[in-house]
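See below for the structure under consideration.
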Amino acid sequence: VKREPATQSHRPRSAVKVKAEASDPSLLAARHIQPAPAAPQLNQIYSTIGAAVNAVLTQQRRLGHIWRKGQSKQGDGGLKKLTLRCNHYSTHVPCHLSTVDPSDHRKGRSIKTNCFAHVNINRVRETGDFRITFIDCTHNHPPEIPEGGEARSRPTEEQKALIKELATTTGQSFSRSQIGQVLKASSGKPLEPRQITNVMNESRKEAREETRSLGGDFQAI
């Protein structure tokens, strides 16, 4: 008697499961979805001021807003209160020379919209922890960071050290674009060209002042 070939596939169950998930987009997407960190809440406690600040700035940056440190109060031998504000806080006050005709005044642009969104962080005297005592996240302007974009971050100490080393080397002269490529390859977090320029100028100024304090180029050598 001639047997007919089996019609059922003998593939491993794992392969069948992967194929089933790949055919169902909802199942595949569910495997990669990670819940976002919870937004800071009123009266939430943090062990350090850095953790509290990072939580607020990260949550607002995720919403497209850039915040900065505002007023602070010192007391009891350390930081007592810190206010974090939206980058659009306050209003723009133009300043012109009295010798310039008003018709020639430059009409500059400003991001300031007098936005009052802010968060207050107070230190708990008994424990030394930091507590969020006030939250106002109502903005009077659209998000500053476009959807899919990234907020500009300050250069880290490692990036500053690398820029200083390359900007003040005597054996070879590095351009801004070359330093930017080195930073991107080493840290993975590129900086804006003007940020690199600021650190380069500051490093070279410090090097010139150090050389001058030693009596000039010949004496320094």
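The basis for the numbers below is simple: all heavy atoms, side chains too, and nothing from hydrogens, waters or symmetry mates. This structure is a prediction, so every number in the text was calculated from the model and none was measured.
- The backbone N or O of Val199 sits less than 3.5 Å from a side-chain atom of Ser203, completing a donor-acceptor pair.
- In this structure, Gln159 contributes its side chain and Thr156 its backbone to a donor-acceptor pair below 3.5 Å.
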- [ ] Please lay out, stage by stage, how Asp136 and Val119 fare under the test side chain to side chain contact (heavy atoms under 4.5 Å, CB included).
- [x] CA-CA 6 Å; Asp136 183 0; Val119 170; over 6 Å; no
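- Using a distance-only test at 3.5 Å, with no hydrogens or angles considered, a donor-acceptor pair links the side chain of Asn140 to the main chain of Thr113.
- In the hydrophobic cluster analysis, where Ile, Leu, Val, Met, Phe, Trp and Tyr join through side-chain heavy atoms closer than 4.5 angstrom, Leu57 is grouped together with Ile135.
- Under a cut-off of 6.0 angstrom, the local environment of CZ in Arg125 is sparse, with at most 12 non-hydrogen atoms contributed by other residues, nucleotides or ligands.
- If you take CD1 on Ile45 and CD1 on Ile132, they are separated by 9.0 Å, rounding to the nearest 0.5 Å.
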Task: Trp67 vs Val56, side chain to side chain contact (heavy atoms under 4.5 Å, CB included): CA-CA, chis, key distance, verdict - done: CA-CA 9 Å; Trp67 283 37; Val56 175; 4.0 Å; yes
Open item on the list: Before you tell me yes or no, could you show the steps for Lys80 and Asn122 under side chain to side chain contact (heavy atoms under 4.5 Å, CB included), namely the whole-Å CA-CA distance, both residues' side-chain angles and the distance that decides it to 0.1 Å?
Closed with: CA-CA 6 Å; Lys80 184 178 180 180; Asn122 287 64; 5.6 Å; no
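- When every heavy atom of Ser186 is checked against every heavy atom of Leu162, the shortest pair comes out as OG-CD2, 3.6 Å.
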Open item on the list: Under the criterion ring-ring contact (aromatic ring centres under 6.0 Å, His included), I'd like the reasoning laid out for His139 against His65: C-alpha separation, chi angles, the key distance, then a yes or no.
Closed with: CA-CA 9 Å; His139 298 268; His65 299 287; 3.6 Å; yes
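- Using a distance-only test at 3.5 Å, with no hydrogens or angles considered, no donor-acceptor pair links the side chain of Thr58 to the main chain of Ala55.
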- [ ] Carefully, step by step, assess Thr83 and Asn120 under the rule side chain to side chain donor-acceptor pair (under 3.5 Å).
- [x] CA-CA 5 Å; Thr83 300; Asn120 291 339; 3.0 Å; yes
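- Annotation: the span from Lys81 atom NZ to Phe130 atom CZ amounts to 13.5 Å, rounded to 0.5 Å.
- Listed here is the closest heavy atom pair of Val53 and Lys69: CG1-CE, 4.3 Å.
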- [ ] Any chance you could lay out the side chain to side chain contact (heavy atoms under 4.5 Å, CB included) test for Thr133 and Ile121, step after step, and finish with the verdict?
- [x] CA-CA 6 Å; Thr133 57; Ile121 305 173; over 6 Å; no
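- Nearest heavy-atom pair, Ile179 versus Ala167, reported as atom, atom and distance to 0.1 Å: CD1-N, 4.4 Å.
- Listed for the Gln178 side chain is a donor-acceptor partner under 3.5 Å among the backbone atoms of Ser175.
- Between the side chain of Gln195 and the backbone N or O of Glu192, at least one donor-acceptor pair lies under 3.5 Å.
- Aromatic ring centres of Phe134 and His118 lie closer together than 6.0 Å.
- Once rounded to the nearest 0.5 Å, the distance linking OG1 of Thr211 with CD of Glu206 reads 11.5 Å.
- Distance alone, capped at 3.5 Å, places no donor-acceptor pair between the Arg204 side chain and the Lys164 backbone.
- Judged by distance alone, with hydrogens and angles left aside, the side-chain atoms of Asp129 form no donor-acceptor pair with the main-chain N or O of Arg131 at under 3.5 Å.
- The structure places CZ of Arg62 at 11.0 Å from CD1 of Ile145, a figure rounded to the nearest 0.5 Å.
- Using a distance-only test at 3.5 Å, with no hydrogens or angles considered, no donor-acceptor pair links the side chain of Arg85 to the main chain of Phe116.
- Residues Leu84 and Tyr89 do not share a hydrophobic cluster, clusters being chains of Ile/Leu/Val/Met/Phe/Trp/Tyr side chains in contact below 4.5 Å.
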Open item on the list: Would Thr91 and Asn114 count as a side chain to side chain donor-acceptor pair (under 3.5 Å) here? Give the steps.
Closed with: CA-CA 5 Å; Thr91 56; Asn114 202 25; 5.4 Å; no
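- His88 NE2 to His141 NE2: the interatomic distance, rounded to the nearest 0.5 Å, is 4.5 Å.
- Counting heavy atoms of neighbouring residues, nucleotides and ligands inside a 6.0 Å radius, atom NZ of Lys112 exceeds 12 of them.
- The shortest heavy-atom contact between Asn87 and Arg68 is OD1-CD, 3.7 Å.
- Taking CE from Met200 and NZ from Lys205, the interatomic distance works out to 16.0 Å, rounded to the nearest 0.5 Å.
- In this structure, the side chain of Thr169 does not engage the main chain of Leu166 through any donor-acceptor pair within 3.5 Å.
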